[in-house]
Amino acid sequence: MITIIDYKMGNLGSILNMFRRLGIAATLTDKHEDIAKADKLLLPGVGNFSRCAGNVTQMGLRSLIRDKVLKDATPLLGICMGMQLLGNDSEEGPGEGLGLIAASSIKFRLQPGEAGQKPPTVPHMGWNHVAAAKEHPVLAGLEMPRFYFVHSYWVDCASRQDVLLESSYGGCRFNAGIANGTVVGVQFHPEKSHRYGMQLLSNFAAWRP
């Protein structure tokens with residue numbers, strides 16, 4: 001059972017529907033008792049870092065999620081803003097992340113582009129290829145993968161060892177995925193990434209750390 005944490009940010013129905021399409025048991029909840037007994041957790045999210053971090057804290061979910069990961073070793077997948085919340089903080093505004101990975105989210109610093117070409121803009125939106133920085137069970141069967149992104153900030157890890165996936169946009173090489181212990185985060189939207197996203201979510205469901 002995948003327990004999707006509902007902290008009132010983003011369209012969560014598409015993620016739930018993707019698991020149903022894959023035949024994987026999943027539930028969407030904000031109830032502490034459901035999260036506390038979860039086998040696996042998924043932290044989604046879109047929008048502003050400060051508001052997302054504020055909701056997690058105000059709903060009493062921060063300490064609960066940290067305990068599940070750090071004490072119970074529960075696997076956790078963070079998606080998009082959910083990945084950024086795995087770190088400590090963000091340039092986007094004030095707020096405290098979960099602190100599960102030593103990292104901060106920073107805004108894209110893009111190169112102007114070549115003469116005669118349209119300069120890149122923020123947010124980074126659309127399909128992009130990613131490359132694995134290390135091996136991990138959630139990446140099994142993914143060859144030449146590409147995923148759908150929508151973001152203006154990316155997660156800068158303090159340790160290279162925490163980088164799982166990399167990509168590039170506008171002359172900026174950025175971390176598209178992070179992983180440490182039972183924690184994994186992806187900046188893209190697997191629920192919008194067709195067969196590549198389906199494979200990644202299936203891998204997470206089958207992962208036994």
Side-chain angles (χ1 to χ4, degrees), residues 2 4 9-24 26 42-49 52 77-87 90-92 101 103 105-157 162-179 183-207:
I2 309 293
I4 304 169
M9 294 298 295
N11 178 17
L12 309 181
S14 58
I15 299 175
L16 187 60
N17 288 336
M18 178 62 83
F19 280 119
R20 288 173 175 167
R21 181 178 178 184
L22 292 168
I24 296 170
L42 191 148
L43 185 68
V46 296
N48 178 272
F49 179 89
C52 289
L77 172 63
I79 293 177
C80 195
M81 180 55 70
M83 168 168 152
Q84 296 182 20
L85 288 173
L86 299 177
S90 174
E91 289 183 349
E92 189 172 13
I101 292 181
S105 293
I106 62 176
K107 193 168 186 177
F108 274 111
R109 276 80 164 171
L110 304 181
Q111 300 297 319
E114 298 180 7
Q117 293 185 349
K118 184 178 180 180
T121 59
V122 175
H124 168 220
M125 182 180 298
W127 290 87
N128 205 342
H129 286 90
V130 304
K134 62 180 178 181
E135 294 183 354
H136 196 285
V138 301
L139 304 182
L142 287 170
E143 298 182 6
M144 300 288 289
R146 63 192 189 103
F147 294 94
Y148 189 82
F149 291 83
V150 182
H151 64 122
S152 300
Y153 295 79
W154 61 276
V155 177
D156 186 21
C157 296
D162 293 335
V163 179
L164 176 64
L165 294 164
E166 294 178 296
S167 188
S168 60
Y169 175 66
C172 175
R173 189 77 175 172
F174 69 92
N175 299 328
I178 57 179
V183 176
V184 177
V186 293
Q187 185 60 66
F188 47 80
H189 289 273
E191 77 280 8
K192 297 181 180 179
S193 300
H194 305 322
R195 64 185 180 92
Y196 302 106
M198 294 171 71
Q199 182 68 59
L200 187 141
L201 292 176
S202 294
N203 289 345
F204 177 68
W207 182 33

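Just so you know, residue 1 is the first one in the sequence shown, and it goes up from there.
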Trainee: Quick one: side-chain hydrogen bond (donor to acceptor under 3.5 Å, both in side chains) pairs with a partner in residues 183-197, sequence neighbours left out?
Mentor: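 Only Q84-Q187, H189-E191 qualify under side-chain hydrogen bond (donor to acceptor under 3.5 Å, both in side chains).
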Trainee: Using every non-hydrogen atom in the two residues, find where S168 and N128 come nearest and quote the distance to one decimal.
Mentor: O-ND2, 2.8 Å
Trainee: Does R173 CZ have over 12 foreign heavy atoms under 6.0 Å away?
Mentor: yes
Trainee: Under the criterion side-chain contact (heavy atoms from CB on, under 4.5 Å), which of S90, P44, C52 is the partner of L85?
Mentor: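 Of all the options given, the one that passes is C52.
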Trainee: Search all heavy atoms of L165 against all heavy atoms of A132 and return the closest pair with its distance.
Mentor: CD2-CA, 3.8 Å
Trainee: Sequence neighbours excluded, which residues qualify as side chain to side chain donor-acceptor pair (under 3.5 Å) partners of N175?
Mentor: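 Residues passing side chain to side chain donor-acceptor pair (under 3.5 Å) with N175: none at all.
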Trainee: Can you tell me how far CZ of R21 sits from CG of L201, rounded to the nearest 0.5 angstrom?
Mentor: 11.5 Å
Trainee: Are the side chains of I24 and S202 in touch, meaning some heavy atoms are under 4.5 Å apart?
Mentor: yes
Trainee: Name all residues meeting the side-chain contact (heavy atoms from CB on, under 4.5 Å) criterion together with A206; count only those two or more places apart in sequence or in a different chain, and write none if there are none.
Mentor: none
Trainee: Locate the shortest heavy-atom distance separating A176 from V130; write the atom from each residue and the value.
Mentor: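 That closest heavy-atom pairing would be CB-CG1, 4.0 Å.
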Trainee: Apply side chain to side chain contact (heavy atoms under 4.5 Å, CB included) to the pair I2 and F204, showing each step before the final yes or no.
Mentor: CA-CA 9 Å; I2 309 293; F204 177 68; 4.0 Å; yes
Trainee: Any chance you could measure I79, atom CD1, to I15, atom CD1, to the nearest 0.5 Å?
Mentor: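 That separation rounds to 4.5 Å.
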Trainee: Testing the basics here: between N203 and P137, what is the closest heavy-atom pair and its distance to 0.1 Å?
Mentor: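 The pair with the smallest heavy-atom distance is CB-O, 3.6 Å.
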Trainee: Once you round to the nearest 0.5 Å, how far does CG of L77 lie from CG of L43?
Mentor: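 Nearest 0.5 Å value for the CG-CG distance: 9.0 Å.
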Trainee: Any non-hydrogen side-chain atom of W154 less than 4.5 Å from a side-chain atom of C172?
Mentor: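 Counting from C-beta outward, W154 and C172 do come under 4.5 Å.
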Trainee: Does A179 have any side-chain contact (heavy atoms from CB on, under 4.5 Å) partners at least two apart in sequence or in another chain, and if so, which?
Mentor: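 Applying side-chain contact (heavy atoms from CB on, under 4.5 Å) to A179 gives K134, H136, L164, V184.
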Trainee: When the side chains of residues 141-153 are checked against the rest of the protein, which donor-acceptor pairs come out under 3.5 Å, sequence neighbours left out?
Mentor:
{"unit_1": "H151", "atom_1": "ND1", "unit_2": "Y153", "atom_2": "O", "d": "2.8"}
{"unit_1": "H151", "atom_1": "NE2", "unit_2": "H124", "atom_2": "ND1", "d": "2.9"}

Trainee: Mind running side chain to side chain contact (heavy atoms under 4.5 Å, CB included) on L86 and V155 for me, showing each step along the way?
Mentor: CA-CA 9 Å; L86 299 177; V155 177; over 6 Å; no
Trainee: In chain order, what residues pass the side-chain contact (heavy atoms from CB on, under 4.5 Å) check against N48, with sequence neighbours excluded?
Mentor: S50, R51, E92
Trainee: For residues Y169 and F174, establish whether the separation of their ring centroids is below 6.0 Å.
Mentor: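 Centroid distance Y169-F174: not below 6.0 Å, so no.
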Trainee: In Å and rounded to the nearest 0.5 Å, what is the CE to CZ distance from M83 to F188?
Mentor: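 The CZ atom of F188 is 8.5 Å from CE of M83, to the nearest 0.5 Å.
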Trainee: Shortest non-hydrogen contact from G45 to C80?
Mentor: O-CB, 3.5 Å
Trainee: Find the distance between CD1 (I178) and CD1 (I101) and round it off to the nearest 0.5 Å.
Mentor: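 Rounded to the nearest 0.5 Å, the CD1-CD1 separation comes to 3.5 Å.
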